Number of protein chains: 2
Amino acid sequence: MADDAITAQRASRRSASTETPKPYHHGDLSRALVDAGRRILETEGPDALSLRAVAREAGVSPAAPYHHFKDKGELLDAVAAEGWRELGDAIARARAEAPSPAVAVTEIGVAYIRFARVNPALYRIMYRMACDRKTMPEHARKAEGGVGQVAEAILAAGAHPATELDLQLIQIAAWCTAHGIAEMVGFKEFEELKEQLGGEEAFVRAVLGHVGILSGRASEMIQQG
Amino acid sequence: MADDAITAQRASRRSASTETPKPYHHGDLSRALVDAGRRILETEGPDALSLRAVAREAGVSPAAPYHHFKDKGELLDAVAAEGWRELGDAIARARAEAPSPAVAVTEIGVAYIRFARVNPALYRIMYRMACDRKTMPEHARKAEGGVGQVAEAILAAGAHPATELDLQLIQIAAWCTAHGIAEMVGFKEFEELKEQLGGEEAFVRAVLGHVGILSGRASEMIQQG
DNA sequence: GACCTATCTGAACGCTGTCCAGATCGGACA
DNA sequence: TGTCCGATCTGGACAGCGTTCAGATAGGTC
């Protein structure tokens with residue numbers, strides 16, 4: 001019963017940007033709830049994202065969400081899923097706009113970290129959900145929007161990993177590194193260093209440059225390993 | 001009332017700390033609260049770590065902690081601080097036991113990630129507090145217990161970073177990478193890969209090997225940069 | 001012995017997630 | 001067209017949360 005509601009909601013979310021289908025007597029509430037959640041996330045931060053607040057923001061009683069999501073976690077999951085999709089888009093855009101395949105891997109990393117910094121509350125929810133479930137969300141796994149893009153970019157850059165396992169490990173290392181930097185760039189201790197380097201993005205690029213795998217040196221490293 | 005049981009609980013004290021600050025008329029409650037917090041963290045996980053649960057576990061009313069900590073956050077901070085101290089110890093131990101300075105940097109990374117995996121709930125609280133405050137906690141910053149050890153290990157390994165800035169960036173990159181891996185190793189997607197590589201630690205070492213900076217290649221990378 | 005102050009309790013407030021009985025309405029079927 | 005089923009929403013309730021506050025208690029000092 002609950003599963004049906006979820007699949008219906010997932011299906012309806014696809015074309016939601018242009019058309020708003022209103023199949024039920026108060027409109028597309030699940031969609032409205034996710035939107036309300038994102039609004040709260042942006043304006044009041046992740047700690048204010050309570051189920052009741054979301055219902056309030058959507059103009060609905062506190063019990064209403066339970067007809068569309070099993071519990072609070074599932075609602076947050078829907079919000080996070082939207083975030084992952086947008087992060088995937090940002091990465092794809094960065095890859096497409098990269099001046100050459102050689103630097104695409106770095107640009108992916110920068111785009112990833114930039115997304116996390118521009119949407120800190122959303123990124124936090126995204127990873128909190130992932131860590132709770134001990135699983136990368138679907139959108140992050142899919143090749144078009146996730147880790148797969150790193151592998152493609154590495155191969156496009158002309159690298160030839162010895163084995164499929166090598167390629168996988170590189171992807172994982174890149175993903176972990178990007179996540180680690182994304183969560184820590186905001187620390188106050190780095191402010192002086194950022195200023196010294198001419199801004200946060202310059203700082204991020206400098207850190208990435210000292211990490212190795214995201215700095216365009218992929219092929220060298222693989223041949224050495 | 002079960003006064004005996006309560007006083008017995010209060011009497012249970014850790015021998016870890018050197019000095020016990022001020023035992024007032026019900027014993028060293030702030031110490032007992034931190035201990036209770038850690039016990040809950042280990043047995044019931046981070047979501048169960050409520051202030052009321054901690055007070056209950058310590059055999060005290062829900063309002064009592066407010067005479068020792070400003071709010072819940074400050075109590076959690078105290079728990080986290082203990083975690084950072086222990087993580088620092090683990091890193092120092094790994095460095096001391098490393099067969100050679102050349103591999104010490106890798107061993108530090110492995111020890112860091114191992115600590116996070118052995119104490120997942122504690123590590124989570126540690127980083128949640130750090131991210132909330134946008135600051136690395138004191139113990140992580142101090143040279144004896146934190147990032148400083150990475151710099152020392154890199155220099156001891158015979159690397160000669162061109163500038164002080166390079167050394168700082170390497171430290172930051174290493175710290176971010178270790179954190180990223182620590183948070184993601186647990187994901188279910190990697191289980192097959194772990195098995196294939198002969199266990200989680202082998203997997204961690206393999207990922208680190210594809211990251212570069214933590215793999216003992218520090219000096220090469222600096223000279224190239 | 002009296003007093004001061006730090007410490008602890010019990011009760012209260014408003015908030016949270018979640019569940020339930022009942023009201024309401026859309027759409028299928030007669 | 002009329003009836004009815006089931007999905008949807010409401011209001012109220014419950015336990016638990018963080019936090020505050022007046023009042024009880026006890027250690028240390030004079």
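Here is the naming used below: chain letters follow the sequence lines, and residue numbers restart at 1 for every chain. Model, not experiment: these values are computed from the prediction.
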* **Minimal non-hydrogen separation, V204(B) against V185(B), with atom names** => CG2-CG1, 4.0 Å
* Examine dG10(C): is either OP1 or OP2 under 4.0 Å from a nitrogen or oxygen in the side chain of S61(B)? Give yes or no. => no
* Return the value, rounded to whole Å, for the distance between atom CG of D71(A) and atom P of dT16(C). => 17 Å
* Structure fact -> Judged by nearest nucleotide, the residue sitting upstream toward the 5' end of DNA chain C, R52(A) or A64(B), is A64(B)
* Identify, between K70(B) and A48(B), the residue whose nearest nucleotide on DNA chain D lies closer to the 5' end. => A48(B)
* To do: Could you please name the option among dC8(C), dG18(D), dC9(D) that lies closest to any side-chain atom of S50(B)?
  => dG18(D)
* To do: Please state how far atom CD in E74(B) lies from atom P in dG18(D), giving the value in whole angstrom units.
  => 15 Å
* Nearest whole angstrom, please: distance from the P of dT19(D) to the CG of D47(A). => 12 Å
* **Nucleotide dT16(C), atom P - distance to CG of L76(A) in whole Å** => 14 Å
* Asked: Taking only N and O in the side chain of H68(A), is any of them less than 4.0 Å away from OP1 or OP2 of dC9(D)?
  -> yes
* When the distance from CZ of F69(B) to C1' of dG18(D) is rounded to whole Å, what number comes out? -> 16 Å
* **Beyond-backbone contact of L51(A) with P62(A), side-chain heavy atoms, under 4.5 angstrom** => no
* Asked: Of all the choices, dT18(C), dT9(C), dT19(D), which nucleotide is nearest to the side chain of Y66(B) once you look at every atom?
  -> dT19(D)
* Taking only the side-chain heavy atoms of V60(A) (C-beta and beyond), determine which of dT18(C), dT20(D), dT10(D) contains the nearest atom. => dT10(D)
* Asked: With respect to the side chain of K72(B), which nucleotide from dC19(C), dC17(D), dT19(D) is positioned closest?
  -> dT19(D)
* To do: In whole angstrom, give the distance that lies between atom CG of L33(B) and atom P of dT7(C).
  => 12 Å
* Asked: Can you check whether M126(B) reaches F115(B) side chain to side chain, under 4.5 Å on heavy atoms?
  -> yes
* Between dG10(C) (P) and H67(B) (NE2): distance, integer Å -> 13 Å
* Asked: So among E183(B), R128(B), H179(B), which one has a side-chain hydrogen bond (donor to acceptor under 3.5 Å, both in side chains) with Y123(B)?
  -> H179(B)
* Can you tell me how far P of dG16(D) sits from CD1 of I40(B), to the nearest Å? -> 15 Å
* **Exceeds 12 heavy-atom contacts within 6.0 angstrom, atom CD of E195(A)** => no
